[in-house]
Amino acid sequence: MASPPTTEPTTLWRNRDFLKLWTGESLSLVGSQVTVLAMPIVAYLWLNASVAEMGVLGALARLPMVLFFVVGVWVDRMRRRPVLIWSDVFRAFMLATVPVLFAMDMLTLWWLYVVVFAMGVAGVLFEIAYRSYLPILVPPEHLGDGNSKLQLSDSVSKAVGPSLAGVLIATRSAPLVILVDAVSYVLSALCLISIRKREDPPPPDDGGTMIAAIRQGFGFVMSQPIIRPLAIASAVYSFFDIGILQTLYIPYVIDGAGVPAGWVGAVLAVGGVGAIAGAWLSVRLMKRAGPGPTMFWSTVVGNSALILVPLAGGPLWLAIGILAVSQLLVGLCTQIFVVNNITVLQSAAPRELVGRVIATIWAMGLVPAPLGALVAGLLGQAVGMRPVVLVAAVIGAVVPMIVLARSPIPKMREMPQAPLTG
């Protein structure tokens, strides 16, 4: 039986269910940013992980991204809200084990490997269900605004989370600080439980195999001249920047650029400030310049800023200044790009394929990251971090610019419409 007709709120500020989703996601994002800083510090400083072991940790955190193709099919065949709730509950439990084992003097690097991998699996489930759930809660004309608000929370978390983590780590041990993230996931689950809007059951399973369903989503992505270059550019960026550069970022900043660990949170927080501005500007630029030019130029500026990372060095004030400028521009441009990118995907994909389309893009944009993380650890150990960081930053920045420049994206002024499916 279909849901009874309802009057859609005229603004997202009146959409209580969206506000509950937004509140829960905002709380968990702040907690996650605490863990982003605390977990590598636990491994590197408390458990004495080598550069190669840091590469393994980064690879395991990103390895579940290979599940995106499968998860996209599952999400299209399930109600989204239960997936979101149980993903939050599971992540809260796994994170809580870190401070408990630390208090018992039983925490090991091997257990951190288990935790980051399990968190990655649950995170993949949550990410696809969450992006697919938004079009259910808000009407199409509010999608851009909804994505902007959710990305604004992501931006604020990047400004608040690292600073909060830095303060907590300075006063408490890093393993215990991770408990903040566990609590945030519990609060997020409670917000999701309180959502009242009924979610219609998914369309009946057509009886096709998992491979056929994955191929359908992948085939749609690769057949679309607007979506295909986004997927290819994301794959290159994933390997070099998410996989290599991000894995080596904290060890490089501490040992390569000579920045004390206490300053790392402050540098990352600057990126959060830029991200706040980017989330605020995203919809305005989308409406003024169009989604295509906005995505292209945010890629050019943001990717160029990545090349500043391997150039950081010299006096402490100069190294911090270069890294802060890089973080500011990357944070600004990433949020502008993501809001436009997600809205384009949600608008261009048929409702029955939206989970698989988003999953395919995320898979192509994130699956190369685990391999990049392993390469980062091995090459960083063999030839040193600075040359590896330099090569990764340059290739990961320039190639996506070229891919997008040679596509229809720079001239796309209007939001694409989903094709009719049979």
*Does M295 reach the side chain of L230, with side-chain heavy atoms less than 4.5 Å apart?*
yes
*Give the minimum heavy-atom separation between R81 and L192, together with the two atoms involved.*
NH1-O, 2.9 Å
*Determine whether F239 and I395 make a side-chain contact, defined as any pair of heavy atoms from C-beta on separated by less than 4.5 Å.*
no
*Grab the two heavy atoms, one from T294 and one from L285, that are nearest each other, plus how far apart they are.*
OG1-O, 3.2 Å
*Taking it one step at a time, do T343 and N340 satisfy side chain to side chain donor-acceptor pair (under 3.5 Å)?*
CA-CA 5 Å; T343 307; N340 282 262; over 6 Å; no
*For W22 and K149, indicate whether the former's side chain and the latter's backbone hold a donor-acceptor pair under 3.5 Å.*
yes
_In the structure I gave you, are the side-chain heavy atoms of V98 and F102 within less than 4.5 Å of one another anywhere?_
no
_Non-hydrogen side-chain atoms of L179 and L95 separated by less than 4.5 Å_ = no
*For residues A189 and D88, report the shortest heavy-atom separation together with the two atoms involved.*
N-OD2, 3.5 Å
*So L150 and F18, side-chain contact (heavy atoms from CB on, under 4.5 Å) or not? Walk me through it.*
CA-CA 10 Å; L150 289 164; F18 170 77; 4.3 Å; yes
_Minimal non-hydrogen separation, T247 against G243, with atom names_ = OG1-O, 2.5 Å
*When you measure from the side chain of S326 to the backbone N and O of I322, does any donor-acceptor pair fall under 3.5 Å?*
no
*Taking C-beta and beyond as the side chain, do Y237 and N303 meet within less than 4.5 Å on heavy atoms?*
yes
_Is the shortest side-chain heavy-atom distance between V391 and L379 below 4.5 Å?_
no
_Measuring from atom CG of L134 to atom CD1 of I342, what distance do you get when rounded to the nearest 0.5 angstrom?_
9.5 Å
*So, Y130 side chain and L84 main chain: donor-acceptor pair closer than 3.5 Å or not?*
no
*asked:* Show the nearest heavy-atom pair for residues S194 and K20, with the distance to one decimal.
replied: O-NZ, 2.8 Å
*Looking at CG of L112 and CG of L60, how far apart are the two atoms once the value is rounded to the nearest 0.5 Å?*
10.5 Å
_T299 vs F296 side-chain heavy atoms within contact, under 4.5 Å_ = no
*Taking C-beta and beyond as the side chain, do F240 and L245 meet within less than 4.5 Å on heavy atoms?*
no
*asked:* Under a plain distance cut-off of 3.5 Å, with no hydrogens placed, do D145 and S148 share a side-chain donor-acceptor pair?
replied: no
*Taking all non-hydrogen atoms of both residues, which atom of M401 and which atom of V300 are closest, and how far apart?*
CE-O, 3.6 Å
_So does Y185 get a backbone contact from the side chain of S188, meaning a donor-acceptor N/O pair under 3.5 Å?_
no
_Which residue is it: N15, L21, D17? I am looking for the one with a side-chain contact (heavy atoms from CB on, under 4.5 Å) to K197._
D17
